[in-house]
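Notes follow the structure.
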There are 2 protein chains.
Amino acid sequence: MRQDIHNSDIPALCRACEARHKGVCGALNTEQLIRLNKVTRQEIIKSGEELITEKEQNNRYANILRGVAKLSKLMEDGRQQIVGLQFAPDFLGRPFSSVSDVSIEAATELQLCTFPKKALEEIIKSSPVLEHKLHEQTLRELDEARAWMLTLGRKTASEKVANFVYLIATHTNPEENQTKNLLLELPLKRSEISDFLGLTIETVSRQLTKLRKADIIEMQEGRKILVKDFGKLYHACGH
Amino acid sequence: MRQDIHNSDIPALCRACEARHKGVCGALNTEQLIRLNKVTRQEIIKSGEELITEKEQNNRYANILRGVAKLSKLMEDGRQQIVGLQFAPDFLGRPFSSVSDVSIEAATELQLCTFPKKALEEIIKSSPVLEHKLHEQTLRELDEARAWMLTLGRKTASEKVANFVYLIATHTNPEENQTKNLLLELPLKRSEISDFLGLTIETVSRQLTKLRKADIIEMQEGRKILVKDFGKLYHACGH
DNA sequence: CGATTAATTGAGCGGACTCAAAGCTAGTGG
DNA sequence: CCACTAGCTTTGAGTCCGCTCAATTAATCG
């Protein structure tokens with residue numbers, strides 16, 4: 001599949017990139033990487049900036065190299081719902097459609113590798129493995145969306161907040177399902193967490209205080225949180 | 001692509017099947033249809049019967065020929081969330097994974113065309129167009145899941161119920177965005193509607209009564225509902 | 001027809017919301 | 001260094017929407 005023997009032929013950018021190992025670019029051979037590399041552009045997006053607007057035309061895709069992106073939907077009256085978070089090395093954009101029905105915004109500072117829609121779609125034609133990789137990410141996102149639907153529809157405020165901390169814990173420090181202390185930084189502010197959980201900022205704040213008083217987490221400077229008891233946190237999610 | 005010229009070669013079952021036109025089987029040529037047809041089996045599933053159990057092994061896929069299937073997730077303490085509905089000619093099952101993380105159950109009587117996981121996966125290998133079709137359905141499901149997340153997280157009880165009626169209206173009678181009367185039959189009972197909307201049966205019932213008193217719908221025998229004002233219904237969804 | 005399950009309606013409660021105020025942070029400039 | 005601002009977060013008090021519990025009515029099916 002991949003020709004790691006000729007590692008030196010691989011574009012410098014790609015050589016260090018996580019997307020080539022765990023992301024969609026893992027489906028590409030050296031020649032395709034070189035071809036794609038000619039049209040890619042690295043970009044740094046500041047926290048809060050919008051990449052793709054809901055219901056609007058867009059003709060660029062991207063891979064996340066670093067940072068967290070949030071996908072959200074907005075109602076005319078201002079109500080908002082965050083419908084997903086994406087981490088490196090996720091692929092950003094809606095394949096096979098020129099309009100996304102969610103907006104994509106940088107939750108933290110974001111380092112991206114962007115490329116034109118057309119370039120990707122051409123490579124897909126010659127390399128079905130790439131579409132397979134994209135399909136697998138779509139399936140993973142669908143599983144996550146449905147798991148979150150259970151959280152939104154059936155869990156209490158405290159379970160929701162625990163679930164959010166748990167989600168961040170498992171995504172930023174994967175495979176560390178340990179009971180030991182685990183330090184993490186929340187990529188969202190309170191208003192965003194509330195829009196992700198279908199709650200208000202006040203309720204989120206109160207429930208975090210409850211988790212703190214229950215000795216499950218400890219709050220540190222900034223948005224840093226120390227998970228003191230991973231088992232209890234998992235349990236607090238409703239499991 | 002498809003060889004409709006040799007229509008007579010197409011298996012009898014497939015000739016009348018919606019899945020060949022609008023569903024995933026549209027990606028297959030006559031030869032592939034014949035190949036798949038050797039291992040397919042038509043099945044009638046009674047309302048309420050479970051096809052696939054959450055977290056359990058399963059090695060069959062299916063296309064819906066008639067009826068509605070519901071996808072749901074269950075918590076240990078019995079809380080339940082319906083995370084999607086599927087209509088003909090949708091494909092049922094989780095590609096590339098032997099365990100589904102949702103259970104699939106017949107919401108109404110269901111007529112299916114089932115086939116072994118292996119058969120489909122082999123055809124995918126020789127025909128990337130099939131994977132593309134599956135990918136497109138997955139993307140559509142993801143869009144729908146995210147739209148529903150907005151409903152679950154940010155809409156009021158009355159908006160939720162209106163949204164449900166609207167969803168059924170648009171899925172059972174597509175492209176009839178008319179102001180004229182539209183008769184439809186709800187495929188779910190109250191307890192299922194409440195599990196879909198993250199509400200209780202009582203609240204669902206009360207909100208339906210409100211829609212009736214607002215002259216937006218009219219309730220008839222069984223689960224039939226007459227939509228008297230499609231525009232008002234759309235508006236009642238929060239739009 | 002009764003038996004059973006589904007749906008409606010009512011009364012009262014409580015969890016999450018609203019509104020309001022005070023406490024933190026980080027950034028800016030004197 | 002502190003003063004000042006603007007944005008974010010926490011905390012409190014009171015309200016209301018949707019839940020719970022309970023009773024009735026309506027459908028469905030032997």
Side-chain angles (χ1 to χ4, degrees), chain A residues 46-49 70 75 77-81 107-109 151-165 185-214 217-225 236 238, chain B residues 46-48 70 75 77-82 107-109 151-165 185-214 217-225 236 238:
Chain A
K46 289 211 188 67
S47 170
E49 272 179 44
K70 64 175 208 204
M75 291 174 68
D77 62 6
R79 280 178 284 176
Q80 197 167 7
Q81 177 67 46
T108 65
E109 186 175 277
T151 301
L152 288 173
R154 285 303 184 203
K155 294 195 182 176
T156 64
S158 55
E159 287 170 338
K160 283 180 175 180
V161 172
N163 230 172
F164 173 73
V165 177
E185 180 156 20
L186 301 183
L188 305 183
K189 56 187 175 192
R190 296 291 179 273
S191 66
E192 293 171 315
I193 299 175
S194 69
D195 282 339
F196 195 23
L197 295 170
L199 298 170
T200 58
I201 31 177
E202 295 94 331
T203 301
V204 171
S205 180
R206 280 185 249 270
Q207 297 303 333
L208 281 171
T209 304
K210 265 183 59 182
L211 284 179
R212 184 167 50 74
K213 287 186 176 162
I217 63 172
E218 191 171 282
M219 307 186 65
Q220 307 197 343
E221 38 98 14
R223 285 172 196 157
K224 288 200 183 64
I225 280 193
Chain B
K46 288 211 189 66
S47 169
K70 63 176 208 202
M75 291 174 69
D77 61 7
R79 280 179 283 177
Q80 197 169 6
Q81 177 67 47
I82 295 182
T108 65
E109 186 175 276
T151 301
L152 288 173
R154 285 303 183 203
K155 295 196 181 175
T156 64
S158 55
E159 287 169 339
K160 283 180 176 180
V161 171
N163 229 173
F164 173 72
V165 177
E185 180 156 19
L186 301 183
L188 305 182
K189 55 187 175 190
R190 296 291 179 272
S191 66
E192 293 171 313
I193 299 175
S194 69
D195 282 340
F196 194 23
L197 294 169
L199 298 169
T200 58
I201 32 176
E202 294 94 332
T203 301
V204 171
S205 180
R206 279 185 251 270
Q207 297 302 334
L208 281 172
T209 304
K210 266 183 59 183
L211 285 178
R212 184 166 52 73
K213 287 185 176 162
I217 63 171
E218 191 172 281
M219 307 184 67
Q220 307 197 341
E221 40 98 12
R223 285 172 196 156
K224 288 200 183 64
I225 280 193

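For the numbers below, each heavy atom of this structure counts, side chains included, while hydrogens, waters and symmetry mates do not. Throughout, a chain's letter reflects where its sequence line sits, starting with A, and its residues are numbered from 1. Because the structure is a prediction, the values reported are computed rather than measured.
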Selection from C:dT8, D:dC8, D:dT11 that lies nearest to any side-chain heavy atom of A:Arg212: D:dT11
Hey, what bend do you get for the helix from C:dC1-D:dG30 to C:dG30-D:dC1 if you fit axes on five pairs at each end, rounded to 10°? 40°
At what distance, to the nearest 0.5 angstrom, does CG of B:Leu208 lie from NZ of B:Lys213? 12.5 Å
Take the protein atom NZ of B:Lys210 and the nucleotide atom C1' of C:dA7, then report the distance between them rounded to whole Å. 18 Å
Under 3.5 Å, is there a donor on one side chain and an acceptor on the other for B:Ser194 and B:Ser191? no
With a non-hydrogen cut-off below 4.0 angstrom, is A:Gly222 in contact with a base, only sugar-phosphate, or nothing? nothing
For B:Leu197 and D:dC17, give me the distance from atom CG to atom P, rounded to whole Å. 18 Å
Specify the separation, in whole Å, of atom CG of B:Leu186 and atom C1' of D:dA27. 15 Å
Between atom CD in A:Gln220 and atom P in D:dT9, what is the gap in whole Å? 16 Å
Expressed in angstrom and rounded to an integer, what is the separation of B:Leu208 atom CG from C:dA7 atom P? 10 Å
Using atom CG of A:Asp195 as one end and atom P of D:dT9 as the other, report the distance to the nearest whole Å. 12 Å
Rounded interatomic separation in angstrom, taking CG from A:Leu211 and P from D:dT10: 12 Å
Are B:Asp195 and A:Arg154 within salt-bridge range, i.e. N to O under 4.0 Å? yes
With a 4.0 Å cutoff (strictly under), does any side-chain N or O of A:Ser205 reach OP1 or OP2 of D:dT11? no
Enumerate the protein-to-nucleotides 10-17 of chain C contacts in which both atoms are nitrogen or oxygen and the separation is below 3.5 Å.
residue, atom, partner, partner atom, Å
C:dG10, N7, B:Arg206, NH1, 2.8
C:dG10, O6, B:Arg206, NH2, 3.4
C:dA16, OP1, A:Ala157, N, 3.0
C:dC17, OP2, A:Thr200, N, 3.4
C:dC17, OP2, A:Thr200, OG1, 3.1
C:dC17, OP2, A:Thr203, OG1, 2.4

The residue, B:Glu221 or A:Met219, whose nearest nucleotide of DNA chain D is more 5′ is A:Met219
With rounding to the nearest 0.5 angstrom, report the CZ to CD distance, B:Phe196 to B:Gln81. 8.0 Å
Would you check if B:Gln80 and B:Met75 make a side-chain contact, meaning some heavy-atom pair closer than 4.5 Å? no
Can you tell me how far apart CG (A:Leu188) and NZ (A:Lys70) are? Round to the nearest 0.5 Å. 7.0 Å
Tell me the interatomic distance from A:Arg190, atom CZ, to C:dC24, atom C1', rounded to whole angstroms. 12 Å
Run the numbers on A:Thr156 and B:Arg79 for side chain to side chain contact (heavy atoms under 4.5 Å, CB included), then give the verdict. CA-CA 11 Å; A:Thr156 64; B:Arg79 280 179 283 177; 4.3 Å; yes
Does a side-chain heavy-atom distance below 4.5 Å link A:Arg206 with A:Lys210? no
With a 4.0 Å cut-off on N to O distance, would you call B:Glu218 and B:Arg212 a salt bridge? no
